[in-house]
Structure formats: C-alpha cells, structure tokens
Amino acid sequence: MIETSPTSTFLDANELVINMGPQHPSTHGVLRVILKLDGEKILGTECVIGYLHRGVEKIAENRTYMQFAPYVDRMDYVAAVSNGLGYCEAVEKLMAIEVPPRAKYVRTVLTELNRITSHLLWLGTHALDIGAITPLFYCFREREEILKIFENYCGARLTTHAFRIGGLQYETYNGFEEQVRAVCDTFPGRLDEYEMLLTNNRIWLERTKSVGILKADEAIDFGVTGPVLRASGVKWDIRKAMPYAAYEEMDFDIPTGENGDTYDRYLVRMEEMRQSLRIARQGVDRLPAGPIIGKVPKVIKPPVGEVYHSIEAPKGELGYYIVSDGSTQPYRVRVRPPSFVNLQALDRMVRGLLIADVVAVIGTIDIVLGEVDR
Amino acid sequence: MADEQKKEEGAGAPAAPAGGHANPAAPAAPAMEPWDSEVVQSLRKSFPGVDLEAFSFRGQNLIIVPRESILPVAHFFKSELKFDFLSDLTAADYPQKEKRFEVVYQLYSFKRNERVRLKVPVGETESLESVVPVWITADWMEREVYDMFGIHFDHHPNLKRILLPDEWQGFPLRKDYGILQQDVKWVQENLHIQSGQ
Amino acid sequence: MPESILNGLFFYVLAVVILGGAIMTITRRNAVHSAIWLVVTLMGVAGLYLHLNAEFLAAVQILVYIGGIMVLFLFVIMLVNLDEAAKQRQFNRQWSLALICTLVVLVEFGFFLMRGAGSFAFAEPGQGALKPNTELMAVALFQDYLLPFEIASLLLLVAILGAVLMAKKEI
Amino acid sequence: MPFSFPPSIEPFVLPALYIVILVAVFPLIAGYIVLLERKVMADIQVRLGPMRVGPHGLLQPIADAVKLLIKEDIIPAKADRMVFWLAPVISVVTALVALSLVPFSKYFFVADTNVGLLFLLSITSVGILGIILGGWSSNSHYPLLGALRSTAQLVSYEVALGFALIGGLMVAGTLSMQQMVHAQLEQQMWFIFYQPVAFVIYFIAALAETNRTPFDMPEAESEIVAGYHTEYSGFRFALYFLAEYANMVVVSSIAVTLFLGGWLRPFPNVRLLDFLNYAPILAMFVLAFFVFLGASRERRPIDKMGLAGLGAVCALIGLLFLVPAVLDWVQGLFWFVLKVFLVLYTFIWIRFTVPRYRYDQLMRIGWRWLIPLAMANVIVTAIVMILF
C-alpha cells in the first residue's frame, strides 16, 4: 500500500478542508466559512469575515450627528429603517429630546413594515438555499408592495434614511394609511400561500427539523438575539422588555419556539411577520395628529455623556453605544450588530451536520454581511 | 505599569465614597450622577478590596471596575446577580487620560430586565483578562476590540484580527489613527494598488 | 461477400481497440487514465459480443463491468490519494528476468497458435439457433443450471457480507 | 420507391438517416426544452421569463447556444487536460446513443434490439463516467464532492430504477422497446394500470437519475456551487447541459414506452375514439390559431411578422398532415412526443415546487424505501402472474 499523508485523503481519514466563500451562492454575501470535513460531515468551522469592512465606526467619529445618520442605513441594508430608528433614538436619548407621538407612530409602522421586508428576504433566500426556488419570487412580489410605501414616503426604497433626530422629516403622504392597510389586508393570504408551500412540506420538515439546534442556555451564552433566541424558547423581545417608539401602546404577541432548530426559527419569523402586520395596522388606525418633530436645536450638540440604546431589529438586538464629548461630532459610536453576534453561534449549530445543513443554518441565522463587517 | 497599579490600590478603600472623582485628569469625563442600588451594594459587599465606582446618566447605570478584578466581577454578575447576557463588549480611546482605553461591557439580565454597563480603564501597555469563560459571546467581540484598538485580552482562545486582514499594521479606532490612514504596505502588496485613497 | 469483409473489419478494429486499450491500461502512470483505457478495452469486448449477435451478453458486459465495476474503481481511485504512486518508479530491478519469462510465454503462445491455427476460425454468429438470445440465457441460468447459479450468487453474497464486515470499523 | 439501395446496405439506410436527424435536431429540441422549462418556471413564479430574443423569447435557445459557443473556454491550470476534455464528451455521447434505442413511433426508431431496455440502461450507466471524470479532472474540491455525490446517487438509484422496470417488464414479457408497445396494444391496457407502484418508483428514481430537484444534490448550487461541472464553461458546459436534457428525454421516453403506451394513442382499441387519429392535424391548426392570435396582439412589427410566419408554418404542417400517408407516419410520433412532454412537464413542475433533499436523506429514501418497495413489487407481480 502506498503511504499517504493522513490529512490529504478521504479514506485514511479524516480531514478535508474546504473553503466556502467568499464567493459562494449561499453565504449571503462575502462571508467565508472554512469547513473542516470528514467526508461531508462537519468537524468544525471558522468564519472569516471583514471582506465588507468599511470602518463605519471610524467614519462616525469624523461626521456630525446628522451626517452620520445615512451611514447606518448601509449596515443592515435590508432593514435600513430599523437601523435609522436605533440611531436616532440613541441620539435623542443622549440629548433627552422628546419625540412627538405622531412621529413615534409613523416610526413604529415603518419599522414594522421594514421587519416584514427583511423577513421576506430571509424567507426567499433561505428557501432558495434549501432548494425551493419559487418562494423567492413570491417574497419579492410582496416585498415590492412594501418598498413602494417606503418610496412614496421618503423617495428611497432600500437605504431609506427615513427618520431625523427628534422625529420625522416628512409628513406622511396622501394615501399612506390606505396603502399600509392594503398591505395588511392582502399579506396574510400570501403568507398562508408560503406556508402551504413549505410549512408542512415533508422535504422542508426533513431539511429543517432538528437541524442546527441551539438550546436556550446556549443561545443566551452565545449572546444571540432576535428570532434565533426566541426560537430557542427564550421569550425576550426588546419591544416588550424595554419598549421604545410607540411599542408600549401596541398590542402584539412574541412568538417563541421550543427546540431551537431551523424549523422553529422559520416558524417564529413567519409568525413575527403576522405580528408585525398587527402592529402596523394598529399604528395607522390610531395614528395621532400633531407635530412630527420635537424640539431639536439647529445644531445637534449633545452634552458630555454616553448612552447605550438598543432596539429590536429584524435580526436581533441592534444597539448603539454613543459617547459624546460635547462637540458636534460623536466621540465614539459603537454599533452592536445582531448579525455579527448571531453568526458566532454558527460553529456550535453545525458541528456534526452535513454541508447541506451549513447552508440551511447560515440561511436561518439570517445574516447581512454589511452589518457583520460594518 | 507598576505604579499605576499602586495608585489603583491606594484609591481602593473598602467604603469608597461613590463620589464623582472619576479620573480628574480626563477633561472629557462625562458629568454623571452617582448611582446606588441593591446591585452596587451587593457588589461592594462581595468585593470589599476593590474600588468600584457607580454612576448613572440618562437613567443608564454604569460601574467602573478596575482592570485586575474584571473576571471575578464578571463571574459575580453572571452567577449571583443573574446578568446572564452580555449584550455588547467594546472599547473607547481617550488618549488624554492616564489610562488610555476604556473597555465597555453592556450587561443585561433577563430576570431583572435591567441593563448595566461595566467600564474597565486599561492603559496602553496593559492587557485585560478575557471574559470568554463567562460569556462565550465575548469571543468575537474581544477579537474586534483587539482588532480595532490593539487591547490584548489574556487567555482568549483565539485572539487574532477579525475584520481586518491578519497582517494589517495599526489599530484604526484609536484616536491617533487618522480616517484616511491605512496600512499602505499591505495595500500595495495585496491589492497591487499604490494607494487606496 | 461484402458482409464477410464487414465482419472481418469489425473484428480487427475491435481487436486493435481491445489490445491497444489493454496495453495503454498497464502502461499509464495515472490510475485514472489506466481506468479509462480499461473502459475502452471492456467496450471493445462488448463490441465483440455484439458482433457475435450476443446482445444480452454485450449489454450485461457494459452494465456490469463499465457501469458498475469501473465506476466503483474510479470512485475508489478518487478517494485514495494516488499522486504518490505516480511519482514512484514503475519498473523494478527484476524487469530483465520478467522480460525473459514473458518472451518464453510468448514463444509458447506462438507455437500453440501455429499448431492449432485450424481451430481458431471465426466463431460463427449464432443465427437461428440462438435467436431469442435473452430467453435462452434465462432458460440456461434459471432452469438448466439453476443450482450452480444459486450457489454462485450465494458465494457472492457471502463475499459482500465479508467485505462489509471488514470495512466497518465497529458493528 | 423509384430507386433502391443494395440489399446489403439497405437495412442501414433508414437508421442512418434517423441518426443524422437525431444528432442534428436534438440539440435544438433540448434548447427548446430549456425554454419550456424557463417559461414554465416563470409562470409558476408569477413572471414572464425570456421575452427579449424573438417574440415571447422564442429564439432564446439559439441565442443561448451562440453565447455558449463563443464563450471563452477555460481549463483550470491544474486540471487533467485530457480527462477534462473527455468527460463531457462521454456524457453527451452516451446520452445521444441512448436516444437511438427510443421508439419514437412505429416507424421512427434507430434500432430495436431484443435487449433494448437493458442496453439503454447499460448505456446510461456509462454516462456516469462522464460525471465522475469531469469532477475528478477539474482538480477542485467542489467538483470532486459533486462527482462523489453524483456517483453514489446514480449507483444507488439505478438499482431501484432497474427493479421498478423489472415489474413492468414482467407484464410486458419482452426487453424490446417496440415489443413493449405492442404488448400494451395486445393487452389493451397501459402498463401503468398494472404496475402503478413500479411507475411511481420509476418516476422517483428517474428524478434522481437525472439530477432533478428534489434530488439535485450533485449540482445543488446553494451547497456545492455547481457540483461536478463547476469548472466547466462555454461549449464544454453546453455539452453537459445537452447530456442532462438528453437523459431527461431518455428516462421520460422509457417511462412513456413501458408504462404509458408508447406511441399508441389513448384507447387504441376503441373504435369510437378513432377520431383521435386526427388529433395531430387538429393540434397543428389549434396551435396555428393561437400563434396568429398572439401575432395580432404583438406590438413590434418584427415580432408580429415572426409570429405570423410561425403560425403559417404550423398551418402548413397541419395541411401536410391531411395527407393520409403522412398522417399515418406522424401519428405515433405525435402521441409519443406529447406524452414525453407531459412527463417532462411534471419534472419541471416538481422542480419548482419542492425543496431539495439532503444527501443522507436521499440515500436513505433510496435504500430503505424505494429498493425494498421495488423488490416487493417484483415479488408480488410474480406471484400474481403465476396465480392468474
């Protein structure tokens, strides 16, 4: 028999190192995962990130508070509204600005709609990763309807920069309420359609059940947040725990899972979309009249101090830690990106599974590389 | 380094007044109100020899913890005070201060539904004990702090650059690192361009 | 007349393919290339069967040897790193002795071929007698020689079980 | 016929002609199957699909072919060049050879041997070599993984496929493709009704054999990029593509021949339905009508004219079918193609409806369910045939 080095063959044993990404159809961007394989079984993974690093936090230190606001949209670019909300609220907290109720309501409605678009994108690509091609197109059809609302509201569809520090820059357009209601009316039926395609599909069940399990205590230990945490059975949502915007006055439920597997995360996000619709409908139904922006000085110049403010972005806890030195530019802005933290749990979730599961798990964590790398 | 430690210990009287003498050397020190609560008291009781200062600003609470005792304090926060969730771990650079960096821990307790912020001043040449044994999630966050500030974490399982290339020179989020500055050598060697700007 | 020419042509072309393939198989350094040439050889043999109107045999030859065994061969070759083999010396020091032996065998072969040339006529394609080729095969296997056939298959089954037992690390 | 060939060559003339037709026309047909797939996919996904090249994208396959032909031919630096070159050729040659055994109609077939089906299976099994070698010769991880997956998948599903076919063969009592169709004519029943289980198993195994969703692991692009043909581009890629679609046609043809009555029209023994013999004419005229309707809706004059021309051709062909001899010749072909397209349509439909199985699940289904079920089907069939 010929002598072979143990690392270079499949048979003798053991390890094949394969490079997944940064150019790969299903790493959702420029994520690079180095897989250590035994045949197709995963022995370990290492994520290599930073290919999309733009130094957002450094940029922040060289911009005024207002100037930096559009940059945050470019982090999680599928949930730009949420990013903007988090940043604006953090600065408002730093300056103790009171936001008028109308602005709060509009913010809530738009953020919830944004959560739906983000989840739709997740659903489409996640299903695509698992091999179901068609849901992607359905999801984009619905996403389009919501993006139209954004476009009508602020002129942009993706990187919206919808909010200003202290409130809103734009009053809602004519027909805003009707358009949101129309989405709320048609969307549940469409959701049922997706569920018909996937929820009870045997193949879908086999591919997602008991795949990428993250137990509740592990989830907390890994610091994962958002749907990933809730699917593990931890009923924690910042919208309920530490309400911001107008969430305190909204009536909605927090869906949770039991097993913390891919299927539960799927179910949780599907239910979250329904809950978001509920919130959006309540928001437009009770939309108060009044000013849309609070008392904001011409020059944003917060007092010396620091705040950490976090919101429940579609992907989890999105936190902003802002230190002010009393000048017009932030001294330090730290973004606590949910994707970055959630991605850390990938290794734990995929050990012992197969290559195909890695793809499913990456999809189910729902990362956006713009946010992971910042 | 040695005399810095001495200074810390000297200031660390058991019943240290929770007064606002937070590093008088720093001009940009935030003006904050002192904070006292059950959390602070139990902490003081458990760590009598440690100088802990507690503040509150805009309803957000923070505790300044000396560098040496971060690991036991972290353990205490997690197991005794049930702050089982490390939301965020980051740092900030204050070049004027005596201890240049502040490593910031944002803790959250599901049980109390309460946040608290720990701040650890760290000198430029000092290193800090890693809290990965307490919260696994600190792994990547500490790597990012190392990547951006060059603060070294002892006993970290895999302390290397995370966002920047492994061979990159310099730590971009330090205040003396200009926004247009970069590792020109690395860029030339790896991207084959004269300059990125 | 043209038909016999055609027959001859077929035979000789296939013979060249088979022999050439065989020679290439044993001379290639790369195991995958050897396997490919072996496939060519086996294809040639299948062609010969076809030429003799033994369609069933030809189909089975391809199905079993190429579609089954060669695929598994390639599978194993791909799994095992054979780059090392390519670097090693292909001929060892006993080649001169081996050459003499081969020559002796070759002479013997030639001798017997010369002596018995008469009995090496082309096999006649079985026309009418073997017409329902497949059925006759079935009758032979499943009626006339059922017991030997079953014994052979049992033997193979035992061999498979043994192989599985040996390959599996723990049971 | 006014002239005749010498008797020694005469039996080879028509098959040779058919071979030329198949080799020349099949790539075009494969291109249009791709177009059909894209159009059906678009329809399922609420969009239009190719619309740019030609009216309703009808010239898209040709544009695609040209694009593939003029693309740069990239061979990886460390690839095994000879094998890299050979692998797609093996795939496409075996796929096209397999087509030669398909009985497209009573008259239109290249060869009909008494081991036809067995031969078909053996030829398709050689096609696996093209995949293995392609994956190996690329000298890259993803193609190697793809090739390993393919091989394991094809080898395991071939067993189930073979056993499923045996069920049908026992009813048919022959291995000859033409005789199978005649057997269904004599027994006055499509064998799918005698062997529904075998048909279902065959269909599932065929999906796996042709690497279609939900069994498209070997080229699951979200997992291992493009599987065994990751490193292939341009014309070589086109060859793999062609082979894949040829294989689809072959497996659907086997299904149609053995289970769905081959080139027979529905209810061939029922006098009452004889009017179905004229279905090809009707179909052509209906097609022409719809094409004209489409032409009238078209805005750009060039599209209008193109569609109108197509309609005219359809109508002309319909007229040509009015000649009884032509009709007789075309009949079988018409029904056969129709059935094959129905099977292909089902393939496409499934592809865009369900997710993908995981590799180990696929193996489990094959070995734990399909093969035992197919074996049981064979045994039950044998018992029933002996008893009755």
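What you are looking at is a predicted structure, and each value in this text was computed from that prediction instead of being measured.
Remark: A:Arg269 is positioned above the aromatic ring of A:Trp122, its terminal NZ or CZ atom under 6.0 angstrom from the ring centre and at most 45 degrees off the axis.
In this structure, the separation between NZ on D:Lys71 and CZ on D:Phe235 is 14.0 Å, given to the nearest 0.5 Å.
Partner A:Ile130 forms a side-chain contact (heavy atoms from CB on, under 4.5 Å) with one of A:Thr125, A:Thr208, A:Thr364 and no other, that one being A:Thr208.
Residues in residues 124-144 of chain D take part in no salt bridge (Lys or Arg N to Asp or Glu O under 4.0 Å) pair, two or more places apart or across chains.
Only the side chain of A:Val211 comes within contact range of chain D, with heavy atoms under 4.5 Å apart. Contact of A:Leu354 with chain D is made through the side chain alone, with heavy-atom distances under 4.5 Å.
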**Study point:** Evaluation steps, ring-ring contact (aromatic ring centres under 6.0 Å, His included), between D:Phe237 and D:Phe241
**Key:** CA-CA 6 Å; D:Phe237 173 74; D:Phe241 217 63; 5.5 Å; yes
Practice item. Start with the C-alpha gap between D:Phe259 and D:Phe203, add the side-chain angles, then the distance that decides, and say whether ring-ring contact (aromatic ring centres under 6.0 Å, His included) holds. Key: CA-CA 11 Å; D:Phe259 295 107; D:Phe203 190 80; over 10 Å; no
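Within residues 186-198 of chain A, the residues having any heavy atom less than 4.5 Å from a heavy atom of chain D are, in residue-number order, A:Leu197, A:Leu198.
Residues A:Tyr266 and A:Trp204 place their aromatic rings such that the two centres sit under 6.0 Å apart.
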